[in-house]
Amino acid sequence: MSLMRTMILATAALGLVPAGALAQAKLKVGLMLPYTGTYAALGNAIENGFRLYVAEQGGKLGGREIEFIKVDDESDPSKATDNVNKLVKRDNVDVIVGSVHSGVAMAMAKVAKDSGTLLIVPNAGADTVTGAMCAPNIFRSSFSNWQPGYAMGEVLAKKGVKTAVTITWKYAAGDEMVRGFKEAFEKGGGKVTKELNLPFPNVEFQALLTEIAAAKPDAVFSFFAGGGAVKFVKDYAAAGLKKSIPLYGTGFLTDGTLEAQGEAAEGVQTTLHYADGLNTPRDNAFRLAYAKSYKLQPDVYAVQGYDAAQILGSGLAAVKGDVAKKAEFIAAARKARIDSPRGAFSLSAAHNPVQDIYLRQVSAKENKVIGVASKALTDPARGCKM
Ligand code: PHB
């Protein structure tokens, strides 16, 4: 319990403040996101989405006003444990929301598991967060890395693509998206002939693009995101590869990046749990509200931030804002049907979204939905015992 809350309780017990004042204590939300570096735009979009949902609820969730405490995690796993401990131990937050980078999120999940603090992951796909490290107090509003990778493997195998080269950053997100892709692609009769990597967040792609040109696969599958994705898609086109070897990827490759990628991204197909042109009343209302509030178009990260707030809201509503009632909070959040702009979804037993993965194609600077690659795809939650 926070010191403030203890004081309010004590004074309330002495009859010094009306009991109603208790409801006024703000809920402390620790936002641990990248606000600098290649993922900075992603962190901002998540915060915007989160704040939009709270604003739509009149600034309160479960009757509690929200106080935000922000940490820039710089997408640096080596600083992640210290950063998350600041929120948990120094600031005594009620819930942690973060982060974007899988390596950072794994450190956060460890601290959350050990301390029992509620954690809602609004992006990072690290499979283990809802796999071997799963815990009752850890929720994810986004995806597992396996999900969009696996869906694209199925799509390419069904297209009859025979060989693919993969290219990504060498860390959990890239490794796991490639692994998911490979699992489905090879099950469907394809073969990954080469796996290319470079360290995060490097963008020196030239030597690897030369290797792709020499290997001449039928297709390339890639994961990059944020600033790195902008450069990769442009470099791929500039190297003249786009016409001869079609580029595919998880949707992060082209989400929130199309203004900067321009013509280079046209035609690229990706798989993701969100898309442009869904044209549902729910998504249209969300997009309008987001554009009005921020003078920006929303992207998948904004949706995930918005839905992280919805998961928090559903738990808080059940306990009327009293997060100390952890078991009740968890049971309610676990069972909630989240009315997401992406389409309504539920959480799996491991607390990861069970969701449709769309096939999208870039057209006129939009990730236009062209189909559903995988319906209600559930992460296998390998190693989760809960
Ligand atoms: C991740 O590190 O899990 C990650 C980062 C950026 C994305 C997607 C996944 O766009």
Side-chain angles (χ1 to χ4, degrees), residues 32-47 49 73-80 97-109 119-131 133 138 140-152 166-181 197-203 221-233 249-258 260-261 265 268 270-275 298-305 307-308 342 352-353 355 357 360 367 379:
M32 184 162 149
L33 293 167
Y35 292 106
T36 52
T38 200
Y39 288 161
L42 290 62
N44 282 308
I46 288 167
E47 180 177 342
D73 66 40
E74 306 166 51
S75 295
D76 185 345
S78 75
K79 297 180 183 165
V97 175
S99 184
V100 166
H101 185 286
S102 274
V104 172
M106 286 190 274
M108 296 176 77
L119 168 64
I120 304 175
V121 180
N123 183 71
D127 289 342
T128 184
V129 165
T130 54
M133 296 178 82
I138 299 177
R140 183 149 54 192
S141 65
S142 52
F143 59 92
S144 73
N145 289 324
W146 178 92
Q147 283 176 311
Y150 188 87
M152 186 49 95
T166 63
I167 178 166
T168 188
W169 281 313
K170 184 79 204 140
Y171 81 99
D175 292 347
E176 292 170 357
M177 287 183 211
V178 165
R179 203 181 304 149
F181 169 78
N197 296 286
L198 71 169
F200 174 86
N202 287 12
V203 290
F221 171 82
S222 57
F223 161 70
F224 294 103
V230 171
K231 182 154 189 301
F232 178 73
V233 168
T250 47
F252 313 107
L253 193 62
T254 57
D255 228 86
T257 55
L258 290 175
Q261 288 164 334
V268 172
T270 61
T271 41
L272 202 65
H273 48 287
Y274 189 56
D299 54 22
V300 68
Y301 310 103
V303 170
Q304 293 168 169
D307 293 343
R342 76 188 81 171
N352 188 66
Q355 56 194 341
I357 307 292
R360 310 115 46 90
N367 286 293
D379 179 84

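Along the sequence shown, the residues carry numbers beginning at 1. Just so it is clear, the structure is predicted and the values come from calculations on it, not from any experiment. In each ligand, atom 1 is the first atom listed, and ligand 1 is the first ligand listed.
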At a 4.0 Å threshold, what atoms of ligand 1 neighbour a non-hydrogen atom of H101? 2 (O)
Could you tell me which atoms of ligand 1, counted from 1 in the order shown, lie closer than 4.0 angstrom to a heavy atom of F143? 8 (C), 9 (C)
Is it the side chain (CB and beyond), the backbone, both or neither of T250 that lies under 4.0 Å from ligand 1, heavy atoms counted? neither
Before you tell me yes or no, could you show the steps for F200 and Y39 under ring pair (Phe, Tyr, Trp, His ring centres under 6.0 Å), namely the whole-Å CA-CA distance, both residues' side-chain angles and the distance that decides it to 0.1 Å? CA-CA 11 Å; F200 174 86; Y39 288 161; 5.2 Å; yes
Mark the output for D255 as yes if a heavy-atom distance to ligand 1 is under 4.0 Å, and as no if none is. no
Test your reading of the model: is there a side-chain donor-acceptor pair from N367 to the backbone of T254, 3.5 Å cut-off? yes
Main chain of Y274, side chain of R360: is a donor-acceptor contact present, judged purely on distance under 3.5 Å? yes
Relative to the heavy atoms of N145, which atoms of ligand 1 are at a distance of less than 4.0 Å? 3 (O)
Output yes when the distance from some N or O of ligand 1 to some N or O of F223 is under 3.5 Å, and no in every other case. no
Side-chain heavy-atom pair F224, L198 within 4.5 angstrom cut-off: yes
For V100, the ligand 1 atoms with a heavy-atom partner under 4.0 Å come out as 1 (C), 2 (O), 3 (O), 4 (C), 5 (C), 6 (C)
For atom 3 (O) of ligand 1, closest protein heavy-atom neighbour: S102 OG, 2.6 Å
Of all the non-hydrogen atoms in the protein, which one sits nearest to atom 7 (C) of ligand 1, and at what distance? N123 ND2, 3.6 Å
Rounded to the nearest 0.5 Å, how far does OG1 of T270 lie from CE of M152? 6.0 Å
Student check: side-chain heavy atoms of P122 and L33 closer than 4.5 Å: yes
Step by step, would you call K79 with D73 a salt bridge (Lys or Arg N to Asp or Glu O under 4.0 Å)? CA-CA 7 Å; K79 297 180 183 165; D73 66 40; over 6 Å; no
Are any of the N/O atoms on Y171, whether in the backbone or the side chain, positioned under 3.5 angstrom from an N/O atom of ligand 1? yes
Element-labelled atoms of ligand 1 that are located less than 4.0 Å from some non-hydrogen atom of A225: 6 (C), 7 (C), 10 (O)
Within the structure, does Y301 bring an N/O atom to less than 3.5 angstrom of an N/O atom in ligand 1? yes
Find the distance between CG (L272) and CD (Q355) and round it off to the nearest 0.5 Å. 8.5 Å
